[in-house]
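These notes are about the structure you will find just below.
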Amino acid sequence: MIDMKNKLIKYVGFLLVVALVAASCAKKLDLFPTNDLTPEKAFANAAGYKSVLAKIYGTLAITGNTGPAGNPDISGGLDEGSQVAFIRMFFNCQELPTDEAVVAWNDQTIKDFHNLKWTNADPFLKGIYARPIYNITLINEYIRESSDAKLAERGIGGSEAADIKNSVAEVRFLRAYNYWVMMDLFGKSTFITEDDLVGAILPKEISRANLYLYIEKELKAIEGQLAPVKTAEYGRVDQGAAWALLARLYLNAGTYTATTNYTDAVTYAKKVIAAPYTLYGGYPRVFMADNDKAKDEFIFAINCDGLRTQAFGNTTFFVHAACGDEGAEYGVSGGWYGYRSTSAFVNLFSDLTGSTDKRAMFTTSKYGTSPAQLVITDISNFDQGPHVKKYVNLRSDGGPVSDSRKEFADVDFPAFRLAEMYLVYAEAVLRGGTGGDAATALGYINNIRTRAYGNATGNISAGQLNLQFILDERGRELYWEGHRRTDLIRYGLLTTGTYLWPWKGGVSSGTAVDSKYNIFPIPASNLVANSNLTQNAGY
Amino acid sequence: MRKISQKLMLSFVMFFMSLAAFSQNAVTGKVTDSKDGTPVVGASITVKGTKTATQTAADGSFKINAPANSTLVISSVGFAQQDVKVDANSVANVSLTQVNQQLNELVVVAYGTKRKGDLTGSVTSVTAKDFQKGVVNSSEQLLQGKVAGLEVTTGGGSPGGGSRIRIRGGASLNASNDPLLVIDGVPVEGNGIAGSSNLLNTINPNDIESISVLKDAAATALYGSRASNGVLIVTTKKGTKGKIRYNFNTQLSTGIVGKTVDVLSGDEVRAIINADAASGGNNLYKNLLGTANTDWQKEIYRPAFGWDNNVSASGAFKNIPFRASIGYLTQDGILRTDNFKRFTGSLNLTPKFFNDHLSVNLALKGSNTKNNFANGGAIGSAIAFDPTQSVRSNTGKFGNYTEWLDPNGTLIDLATRNPIALLNQRDNTSSVNRFVGNVQLDYKIHWLPDLHLMVNLGIDNASGSGNDNIDSASATNYKTGGRKSFYEQKKINTIADVQLFYSKEFKKLKTKFDVLVGHSYQDFTTKVKNFSSFSYRSVADPANPQRKDTIAGSQPTFLTDKPQYRLESYLGRVNLSIANKYLITASIRRDGSSKFAKDNRVGYFPSVAAAWKLKDDFFKSVNIINDLKLRVSWGSTGQQDGIPYYSYLPYYSRSEAGAQYQFGNTFYSFLRPSAYDPDRKWETTTTTNVGLDFGFLNNRISGSVDYYIKKTKDLLSTVPVAAGGNFNIELLTNVGNMENRGVEFTLNTVPIKKQNLTWEFGFNFTYNTREITNLLKQQDPNFKGIEVSGISGGTGNNIGRFNVGYAPFTYFVFKQVYDPATNRPIEGLYEDLNRDGIINQSDRYYYKKPASDIFVGLNTQVTYKKYSLGITGHGAFGAYLYNNFNSNNGVLRQIKNPINFIGNASANYLETGFSNNQYLSDYYIENASFFRLDNINLGYNWGKIMKGKASLRIAASVQNVFIISKYKGLDPENSNDTGVDNNIYPRPRIFSLGFNLDF
């Protein structure tokens with residue numbers, strides 16, 4: 001009996017121990033992820049800052065934390081590859097509604113872009129509205145984490161702290177650039193700065209005029225804080241980028257504010273040109289896999305790499321979407337059979353073969369530039385229309401590209417390059433901006449044309465230089481680089497009946513459309529989520 | 001020594017009792033079954049009002065000392081209790097009547113068991129004898145069509161595949177809608193594991209004794225923050241004291257593909273292309289035509305063999321009741337290369353110690369499953385691949401399988417891949433080990449036997465690993481020289497429960513109550529190992545055939561990860577029974593979960609329920625009514641499954657190898673902040689249930705009716721958030737409300753009950769509606785809903801919406817215009833519903849939904865002498881599917897693919913004549929109501945064989961016998977919540993033959 005009692009005591013004791021263990025474990029409900037970092041840990045050292053800075057730049061090149069897709073920055077029911085990639089969506093907004101591009105695909109509403117009949121329910125617009133604001137949200141967080149007090153608290157000093165301070169000016173440039181995209185596409189924008197904490201506020205709205213002033217103020221404020229022009233390492237921005245964006249901003253001041261400012265456009269274009277930047281030899285090479293060599297022409301390029309910076313919506317998109325069977329000529333393994341141009345645009349070139357003006361890159365092994373080829377009777381038929389072979393994933397030195405499978409491109413995307421500044425200078429001078437002169441303008445235009453032709457045979461005379469010529473020249477020089485819609489609006493041609501191109505407004509011969517299409521609608525889901533936002537007129 | 005003292009004690013008691021009694025006589029008798037006169041073994045005989053009791057022996061006989069004019073109470077499980085007056089008689093032969101729905105039957109409920117007749121909540125228990133027959137590879141399928149309010153939809157015909165399980169429609173939008181699963185007291189992992197398509201298939205259905213389906217909050221609330229979608233409690237078979245008995249059963253089966261998708265033949269495709277070339281003058285496609293007539297679906301499917309073997313032993317070993325079993329199953333899938341193997345072992349020990357004061361219940365289940373996953377992409381490819389091509393080519397490329405090449409001889413990347421190559425060139429295998437074990441100790445306190453201390457310690461340990469290798473010649477992966485990849489994942493769930501249980505009966509007041517208080521602690525840890533992928537280089541590097549090259553970009557950022565979450569809970573329950581007529585249950589659970597921030601971590605989930613045995617108050621003397629009980633319950637439960645473990649915290653994640661950015665000559669990986677919601681908590685569902693249980697005519701007609709309303713608030717929904725307000729434009733947060741309402745009806749009848757012939761018939765019916773009643777924090781009349789239900793075709797196309805006033809996943813489509821002459825849809829022409837002169841997104845409308853309104857289950861069993869015939873079926877009505885196969889493949893564009901290759905189209909193309917896809921047309925929303933005859937099962941009870949040492953039963957069955965439906969696609973039963981029907985693995989028709997030997 002005693003033995004049994006002992007056993008019993010033991011047993012009850014055991015049960016009590018079990019109960020106590022259970023109870024004590026139970027307090028441990030504060031768990032943390034194994035690999036992810038809390039903000040304190042992420043920003044604990046300079047390397048962490050650098051990784052966040054890489055993300056901020058990287059949001060322009062790729063779509064998430066897994067290349068090419070699978071872990072998107074922006075979800076919301078959007079397709080990662082085609083709807084939230086900055087370069088691809090910027091291209092769809094700036095080029096598809098114009099004479100420069102049409103698309104064969106049936107992806108949701110993609111055809112509405114060339115037809116100029118999009119609605120506030122458009123998922124692509126939802127994506128391009130979200131992307132710049134997302135980028136700005138990251139930037140604001142970075143600025144908050146980079147205050148002197150926080151750096152001191154984390155024991156980051158010396159050259160590391162100096163680099164971080166420098167990078168704050170860079171991200172402020174990128175914020176201004178993202179806001180410029182919002183201003184250009186949507187007119188007004190959701191407006192947040194480093195003073196608006198994440199999760200705490202319903203963001204406010206800013207009008208186009210006020211956003212213009214904000215961008216201008218920011219760019220001028222950081223002008224002196226950025227690295228001196230042409231001193232930043234490749235991929236990062238310096239003073240040149242701020243000047244170039246100011247020049248672009250002032251050239252379009254009339255669109256953004258109703259008050260033109262060509263004089264400042266001249267001033268800032270001049271600053272960039274004087275840096276000095278130089279045109280890279282051979283126009284086609286500017287858009288090849290090793291175009292990082294064009295760094296003396298590029299003021300700010302978005303870096304892409306076939307192995308390490310992969311996405312379906314960066315320059316990978318340009319090389320695949322423009323080709324079909326003839327992928328090998330584009331340096332890719334296969335085409336996506338999507339984008340072409342229109343006859344109205346390619347006819348800006350007097351010789352489409354590319355043998356005189358090398359910028360006319362419309363001939364592939366499969367498609368030529370015969371008059372019959374240029375006609376598009378069915379937009380969905382990829383075989384029809386002029387094909388564009390501007391971006392290719394081939395190296396000018398013949399070497400191998402990073403991705404041996406040839407799926408993802410190495411081509412960097414020039415967001416700002418010198419040729420644009422020449423054109424800004426010339427146009428601003430012609431439109432009455434002071435501080436420049438027509439002779440210099442002519443010289444700059446002929447610089448561009450000399451590079452395009454490989455010699456002086458394409459040069460023009462002073463008498464040929466007029467505003468229409470500049471628009472056409474911008475088309476020839478900058479096509480498929482995301483300028484055309486802004487240019488056509490500045491010239492009053494996007495929605496009006498003055499200039500028609502095939503399938504403008506969804507009609508084969510082209511038609512005028514409502515002027516509301518000069519600006520995109522605020523995607524409806526944003527209005528639902530944020531009562532501070534208002535819709536654009538007509539939508 | 002102890003035994004002797006016990007016996008002495010008993011003798012003394014008997015002695016004194018016999019002295020006390022006036023006159024004592026020894027009553028003998030025999031208890032038999034009224035049905036066939038066979039003896040009832042182990043029936044208990046008690047002298048009413050005393051503790052004098054005995055049991056019948058193997059021949060049904062008993063002997064008991066009872067005073068004259070006393071009453072004997074004779075009872076046995078499965079029979080109606082009977083009282084017999086002892087007059088002067090010393091012989092009492094009793095014939096007991098079997099009851100169909102035995103109210104005394106114990107039903108497993110949350111944290112305990114209950115007499116069926118005393119249930120206050122809505123609980124349906126299905127025991128082994130009523131399970132689905134035939135080939136059942138996974139436990140949830142045992143219940144298909146058996147329980148009102150429970151919808152089990154298999155994902156398709158893959159042998160190890162999973163099912164969608166919905167109890168009363170599902171209470172959630174973006175969190176999980178799966179019920180909580182409890183196996184022998186261990187709430188188990190619901191999220192599955194790498195290498196397994198269904199973690200439930202690791203449990204051998206042959207080891208399962210019963211499954212309780214807990215439906216209303218009164219039944220589920222004790223599981224608190226995980227119980228909103230109902231609970232399934234699986235209880236495995238246990239041993240009973242007595243001689244060791246063995247059972248061996250084996251089942252052989254063959255599955256064949258019942259129906260394939262209706263596509264064009266080679267000749268039809270040739271005719272279309274030739275006609276097109278003749279009219280258009282373009283021979284591009286004509287030149288690509290082949291000469292074959294390949295039925296690609298025939299090529300990929302095959303008869304599937306299966307063999308299932310189980311051996312079990314049950315009885316007592318040295319006074320310890322036990323049951324042990326092993327099982328081995330191998331099952332082919334009808335898709336070539338598909339195979340599932342399972343080896344299981346289980347052991348249950350139920351010993352008692354210290355004069356039965358300590359009951360121990362040890363349950364161990366181990367299994368190894370091996371999957372050979374066929375490449376499911378072959379199903380879609382077989383439908384879309386050009387039937388004019390033969391399987392093989394002699395190009396010497398891509399393993400000599402026919403693939404689409406461009407004129408230069410390079411592969412067209414975006415073309416359809418050869419289905420047979422997809423199957424043969426991929427080797428995707430996995431092995432999953434799982435161990436579920438627990439020990440339950442129930443200690444009846446020596447000095448207060450009414451008080452029990454109960455401890456439950458359990459573990460659910462699963463580890464999955466696998467290889468997914470693709471041949472270097474494969475068209476899908478030739479660019480990297482093939483691909484070898486490996487994965488590994490472990491899950492360790494542990495549970496520690498401590499409970500105190502006190503019960504007390506006040507005999508005079510005919511009142512009893514019991515109280516349960518407990519503490520539970522559960523930890524869910526996952527360990528993931530990440531590996532790089534490698535290419536095969538045996539061809540490129542003959543000197544070193546084993547050489548492996550890491551595939552660029554496949555290097556994981558982290559080699560391991562260990563996500564983890566914990567739950568800590570307190571629970572309490574009171575049961576009160578007054579006069580055995582009025583039953584009241586109240587319970588509460590307090591849950592703390594590591595998934596939420598400190599301030600939102602703790603929640604309380606109460607419930608109350610009452611039942612009134614109307615029979616005893618109003619119909620006591622009405623003999624045709626055996627049971628009539630009204631139940632009313634109310635309670636609240638939660639849901640936290642399906643949401644990330646740490647996402648209430650702001651955190652930064654490191655990017656992977658393919659996501660870096662170049663500064664200068666260096667590539668930097670990213671640190672990215674994620675969207676987070678510090679205010680997130682579980683969603684809460686409040687369920688009100690009114691039910692009536694009934695039994696008439698000796699319970700030959702019995703059943704129940706329930707009406708319920710489930711209201712979910714603080715829905716875990718992924719909703720748009722203001723751009724710039726967080727690190728994303730949508731966030732999983734608590735916003736919105738949803739309602740489920742429904743009626744359930746269960747009827748079990750025994751229309752014929754004769755000596756040699758019994759006919760049983762059961763029927764269940766469920767009506768359920770589901771509606772989103774709110775989705776926004778601030779209401780907005782212009783809210784267009786949230787796009788859901790991605791489809792195949794195009795990029796990013798969605799067919800459904802979540803919106804207020806509609807069922808989840810309601811389709812949002814254009815209204816098709818038809819040609820009045822031919823009744824054919826006119827391509828691209830839709831009604832301008834808002835009459836603004838433009839057909840655009842504003843003309844889409846809400847039309848039908850994927851969930852069924854009504855589902856029914858039927859089962860019937862006829863037993864004639866040694867033969868039995870069972871038939872079961874189930875159906876669902878009011879569901880509509882989006883026929884994505886027709887919308888994507890039923891167009892000319894699919895045959896004349898713009899990427900310059902030929903494909904095959906759905907035969908639907910012949911009906912529409914569409915050139916281009918019209919994805920968003922309501923033409924493709926089809927009525928998917930159906931009735932399926934699941935199973936016909938014929939059994940023959942051979943009886944004694946081997947000189948009476950064993951008995952044999954033989955059963956033959958056909959599964960998936962036929963289906964009645966208007967649906968034009970392959971199968972109207974779809975487990976996809978979105979209702980998008982695409983690429984389904986056909987459910988096979990299975991013929992099986994089984995032998996069951998008891999010895």
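Chain naming here is simple, since letters A, B, ... match the order of the sequence lines and numbering starts at 1 in each.
At a 4.5 Å heavy-atom cutoff, the contact between A:A301 and chain B is made by backbone atoms alone. Only the side chain of A:K117 comes within less than 4.5 Å of a heavy atom of chain B; its backbone N, CA, C and O stay farther away. Contact annotation for A:N303: both backbone and side-chain heavy atoms come within less than 4.5 Å of a heavy atom of chain B. Contacts between B:P407 and chain A at a heavy-atom distance below 4.5 Å involve the side chain alone, from C-beta outward. Only the side chain of A:T109 comes within contact range of chain B, with heavy atoms under 4.5 Å apart. For a residue to count as touching a neighbouring chain, one of its non-hydrogen atoms must lie under 4.5 Å from one of that chain's; by this rule B:N840 touches chain A with the side chain only. Residue contact with chain B, scored on non-hydrogen atoms closer than 4.5 Å, is absent for A:W118. Only the backbone of B:L567 comes within less than 4.5 Å of a heavy atom of chain A; no side-chain atom from C-beta onward does. At a 4.5 Å heavy-atom cutoff, B:F596 makes no contact with chain A through either its backbone or its side chain. Heavy-atom distances place no part of A:N381 under 4.5 Å from chain B, backbone and side chain included. Interface remark: B:K598 contributes side-chain atoms only to the contact with chain A (heavy atom separation under 4.5 Å). With a threshold of 4.5 angstrom between heavy atoms, B:T410 does not approach chain A through any atom at all. The part of A:I62 that comes within reach of chain B is its side chain, from C-beta onward, which places non-hydrogen atoms under 4.5 angstrom from that chain. Contacts between A:E80 and chain B at a heavy-atom distance below 4.5 Å are absent for every atom of the residue. When heavy atoms are compared at a cutoff of 4.5 Å, B:F783 approaches chain A by way of both its backbone and its side chain. Interface residue A:T309: backbone and side-chain heavy atoms are both found under 4.5 Å from chain B. Proximity to chain A is absent for every atom of B:Y645, based on heavy atoms less than 4.5 angstrom apart. Only the side chain of A:N526 comes within contact range of chain B, with at least one heavy atom under 4.5 Å from a heavy atom of that chain. Both the backbone and the side chain of A:P33 come within less than 4.5 Å of a heavy atom of chain B. Only the backbone of A:L527 comes within contact range of chain B, with heavy atoms under 4.5 Å apart. Of the two parts of B:S569, neither the backbone nor the side chain holds a non-hydrogen atom closer than 4.5 Å to a non-hydrogen atom of chain A. Residue contact with chain A, scored on non-hydrogen atoms closer than 4.5 Å, involves the side chain of B:L776 exclusively. Neither the backbone nor the side chain of B:T718 comes within contact range of chain A, judged by heavy atoms closer than 4.5 Å. Of the two parts of B:Y648, only the side chain, counted from C-beta on, holds a non-hydrogen atom closer than 4.5 Å to a non-hydrogen atom of chain A. Contacts of A:A42 with chain B are made by both backbone and side-chain atoms, with heavy-atom separations under 4.5 Å. Both the backbone and the side chain of B:N797 come within less than 4.5 Å of a heavy atom in chain A. For B:T557, no part sits under 4.5 Å from any heavy atom of chain A, backbone or side chain.
Top candidate by heavy-atom pairs under 4.5 Å with chain B, chosen from A:R236, A:K366, A:K55, A:Q83, is A:K55. Heavy-atom pairs under 4.5 Å with chain B peak, among A:N530, A:I302, A:I74, at A:I74. Note: A:F32 leads A:Y129, A:W105, A:F32, A:F382 in heavy-atom pairs under 4.5 Å with chain B. Top candidate by heavy-atom pairs under 4.5 Å with chain B, chosen from A:R308, A:K295, A:K126, is A:R308. Note: A:P203 leads A:P203, A:C304, A:G334 in heavy-atom pairs under 4.5 Å with chain B. Ranked by heavy-atom pairs under 4.5 Å with chain B, the first of A:D79, A:D36, A:T34 is A:D36. With chain A as partner, the option from B:Y651, B:Y565, B:Y646, B:F558 having the largest number of non-hydrogen pairs under 4.5 angstrom is B:Y646.
Between A:S365 and A:E326 the shortest heavy-atom distance is OG-CB, 3.6 Å. Residues B:N888 and B:G793 share a closest heavy-atom pair of OD1-CA, 3.5 Å. Between B:S593 and A:L29, the shortest heavy-atom contact is N-CD1, 4.2 Å. Residues B:V735 and B:L775 come closest through the heavy atom pair CG2-O, 3.6 Å. Closest approach of A:A54 and B:S669 over heavy atoms only: CB-O, 4.1 Å.
Defined by atom type and a distance below 3.5 Å, a donor-acceptor pair is present between the side-chain atoms of A:N135 and A:N178. Residues B:E730 and A:S75 have side chains that bring a donor and an acceptor to within less than 3.5 angstrom of each other.
More than 12 heavy atoms of other shown residues, nucleotides or ligands fall within 6.0 angstrom of atom CG in B:D836. A 6.0 Å sphere centred on NZ of A:K406 holds no more than 12 heavy atoms belonging to other residues, nucleotides or ligands.
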### Message
Could you go through B:N917 and B:R893, starting from their C-alpha distance and side-chain angles, then the distance that decides it, and tell me whether this counts as side chain to side chain contact (heavy atoms under 4.5 Å, CB included)?
### Response
CA-CA 8 Å; B:N917 299 99; B:R893 188 188 167 91; 3.6 Å; yes
### Task
Start with the C-alpha distance between A:D378 and A:Q384, add both sets of side-chain angles, then the distance that settles side chain to side chain contact (heavy atoms under 4.5 Å, CB included), and finish with yes or no.
CA-CA 7 Å; A:D378 175 7; A:Q384 299 175 355; 4.0 Å; yes
### Task
Carefully, step by step, assess A:I110 and A:F124 under the rule side chain to side chain contact (heavy atoms under 4.5 Å, CB included).
CA-CA 7 Å; A:I110 191 71; A:F124 295 90; 3.7 Å; yes
### Message
Please evaluate residues B:S647 and B:R680 with respect to the criterion side chain to side chain donor-acceptor pair (under 3.5 Å), reporting the C-alpha separation (whole Å), side-chain torsions for both, the decisive distance (0.1 Å), and the verdict.
### Response
CA-CA 9 Å; B:S647 61; B:R680 186 184 302 149; 2.2 Å; yes
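B:Y443 has its ring centre no less than 6.0 Å from the ring centre of B:F354. Checked against the 6.0 Å centroid threshold, B:F667 and B:Y661 do not count as a close aromatic pair.
A salt bridge does not link B:D591 with B:R601: every distance from a Lys NZ or Arg NE/NH1/NH2 to an Asp or Glu carboxylate oxygen is 4.0 Å or more. The residues A:K28 and B:D523 are annotated as not salt-bridged, no charged nitrogen and carboxylate oxygen being separated by less than 4.0 angstrom.
Within the 4.5 Å cutoff, the side chain of B:R566 has no heavy atoms near those of the B:F524 side chain.
In this structure, A:D112 has no side chain to side chain donor-acceptor pair (under 3.5 Å) partners at least two apart in sequence or on a different chain.
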